[in-house]
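Owing to the predicted nature of the structure, the values given are computational and were not obtained by experimental measurement. By convention here, the first residue in the shown sequence is residue 1.
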Amino acid sequence: MRDHALPIRPLVALLAIAAITSQSSAHANLAFAGIPDVTIDYYPVDGGDAMAVRRAIDAARPTDAHDGRRVDALSSWDLRWSWPRTRRGGCDLAAATIRYRATVRMPQLAATARLTAAERADWDRYVAALARHEAGHVRYTYRHRGDILAAIRGDLPDRGRRRTGSAGQARRLSDRL
């Protein structure tokens with residue numbers, strides 16, 4: 001009979017790798033709980049100490065398209081709305097629907113990173129704070145998607161103008177989110 005069990009050292013290494021890579025995922029899962037259709041897009045960072053990891057983040061971090069600044073984490077969202085046609089070919093704004101999707105780009109410590117226990121604890125706190133911060137942006141836009149539907153359906157006052165739905169009003173509102 002052949003023994004297929006892994007030797008202890010490789011098994012411990014595999015468990016350590018799983019723990020390291022799952023930490024970032026666990027922080028993100030907790031921060032984004034209750035918000036559907038959120039994708040976390042991790043970029044790997046590695047290093048032998050905290051300063052090396054910082055340099056890796058600086059080299060790989062995304063650029064915010066709105067202001068051109070490089071940031072450690074970045075949230076983006078896509079709001080799309082539609083409505084059916086009436087039998088006469090008009091727009092049935094009362095039946096409008098909205099689709100929401102968000103993507104968050106965040107650093108994830110590579111399994112090969114060689115941090116001290118104190119640096120690792122600092123990393124865990126940092127990535128948890130990043131996830132909470134980005135979740136705030138995503139949660140805000142998700143919660144306000146109904147405002148766009150209200151604008152389309154004509155449920156929001158339009159500063160003295162007629163209270164009819166408007167795709168233009170919805171676009172202006174979504175741009176402010």
Side-chain angles (χ1 to χ4, degrees), residues 19-45 50 53-84 91-110 113 119-177:
I20 287 171
T21 56
S22 69
Q23 280 289 59
S24 294
S25 300
H27 292 302
N29 289 341
L30 185 59
F32 294 95
I35 310 171
D37 297 317
V38 177
T39 301
I40 309 297
D41 179 21
Y42 292 105
Y43 61 93
V45 295
V53 170
R54 178 72 252 173
R55 286 190 299 274
I57 290 172
D58 290 345
R61 63 190 187 160
T63 301
D64 188 331
H66 294 99
D67 61 13
R69 290 179 38 197
R70 307 262 331 261
V71 293
D72 291 359
L74 183 66
S75 295
S76 60
W77 44 88
D78 182 39
L79 294 156
R80 302 216 176 197
W81 50 85
S82 61
W83 47 81
C91 299
D92 185 1
L93 299 180
T97 59
I98 193 162
R99 182 183 56 97
Y100 178 88
R101 289 188 183 157
T103 302
V104 179
R105 186 129 167 87
M106 290 184 55
Q108 184 175 49
L109 195 60
E119 289 171 328
R120 180 58 201 219
D122 288 343
W123 170 264
D124 289 343
R125 283 190 297 277
Y126 175 68
V127 77
L130 269 180
R132 283 190 308 271
H133 175 84
E134 294 305 316
H137 296 300
V138 171
R139 196 171 304 284
Y140 178 84
T141 58
Y142 181 74
R143 285 182 179 159
H144 285 84
R145 71 195 188 288
D147 295 347
I148 295 169
L149 275 178
I152 292 169
R153 294 174 178 165
D155 295 339
L156 290 178
D158 196 11
R159 292 187 173 79
R161 294 189 291 267
R162 283 187 333 185
R163 286 182 42 126
T164 58
S166 161
Q169 184 179 0
R171 169 59 58 200
R172 287 187 299 278
L173 184 60
S174 73
D175 287 345
R176 286 195 308 250
L177 294 179

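- Of all heavy-atom pairs spanning Ala31 and Ala135, the tightest one is O-CB, 3.3 Å.
- Val104 has its side chain out of reach of Asp41: every pair of non-hydrogen atoms, C-beta onward, lies at least 4.5 Å apart.
- At distances below 3.5 Å, not a single donor-acceptor pair connects side-chain atoms of Arg153 with backbone N or O atoms of Ala95.
- Across all non-hydrogen atoms, the minimal contact from Glu134 to Ala73 is OE2-O, 3.4 Å.
- Partners of Ala121 by side-chain contact (heavy atoms from CB on, under 4.5 Å), not counting sequence neighbours, listed by chain and number: Arg125.
- Of all the heavy atoms in Asp92 and Trp83, the pair that sits closest is O-CB, 3.5 Å.
- Residues that satisfy the side-chain contact (heavy atoms from CB on, under 4.5 Å) test with Arg101, not counting sequence neighbours, are Asp37, Arg99.
- Put simply, the side chain of Glu119 gets close to the backbone of Ala50: a donor and an acceptor are under 3.5 Å apart.
- Here the side chains of Pro107 and Trp123 are in contact, with some heavy-atom distance below 4.5 Å.
- Note that CH2 of Trp81 is 7.0 Å distant from CG of Leu79, once rounded to the nearest 0.5 Å.
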Passes side chain to side chain contact (heavy atoms under 4.5 Å, CB included), Val71 versus Arg105? Steps please.
CA-CA 10 Å; Val71 293; Arg105 186 129 167 87; over 6 Å; no
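- Looking at every heavy atom in both residues, Tyr100 comes nearest to Val138 through OH-O, 3.2 Å.
- Remark: side-chain polar atoms of Arg70 are not paired, donor with acceptor, to backbone N or O of Thr63 under 3.5 angstrom.
- Between Arg54 and Asp72, at least one side-chain N (NZ, or NE/NH1/NH2) sits under 4.0 Å from a carboxylate O, which counts as a salt bridge.
- Interatomic distance, His137 NE2 to Leu74 CG, rounded to the nearest 0.5 Å: 8.5 Å.
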Side chain to side chain contact (heavy atoms under 4.5 Å, CB included) assessment of Met106 paired with Val127
CA-CA 8 Å; Met106 290 184 55; Val127 77; 3.7 Å; yes
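- Between Ile40 and Tyr42 the shortest heavy-atom distance is CG2-CZ, 3.2 Å.
- The two residues Tyr43 and Pro62 have their closest heavy-atom pair at CE2-CD, 3.8 Å.
- The line from CG of Leu109 to OH of Tyr126 is 12.0 Å long, rounded to the nearest 0.5 Å.
- When atom types are taken as modelled, the side chain of His133 and the backbone of Ala129 share no donor-acceptor pair closer than 3.5 angstrom.
- One N or O on the side chain of Arg145 and one on the backbone of Tyr142 form a donor-acceptor pair closer than 3.5 Å.
- Expressed to the nearest 0.5 Å, how far CD1 of Ile152 lies from OG1 of Thr97 amounts to 8.5 Å.
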What verdict does the salt bridge (charged side-chain N to carboxylate O under 4.0 Å, His left out) test give for Arg120 and Asp122, after you've listed the backbone C-alpha separation in whole Å, the side-chain angles of each residue and the deciding distance to 0.1 Å?
CA-CA 5 Å; Arg120 180 58 201 219; Asp122 288 343; over 6 Å; no
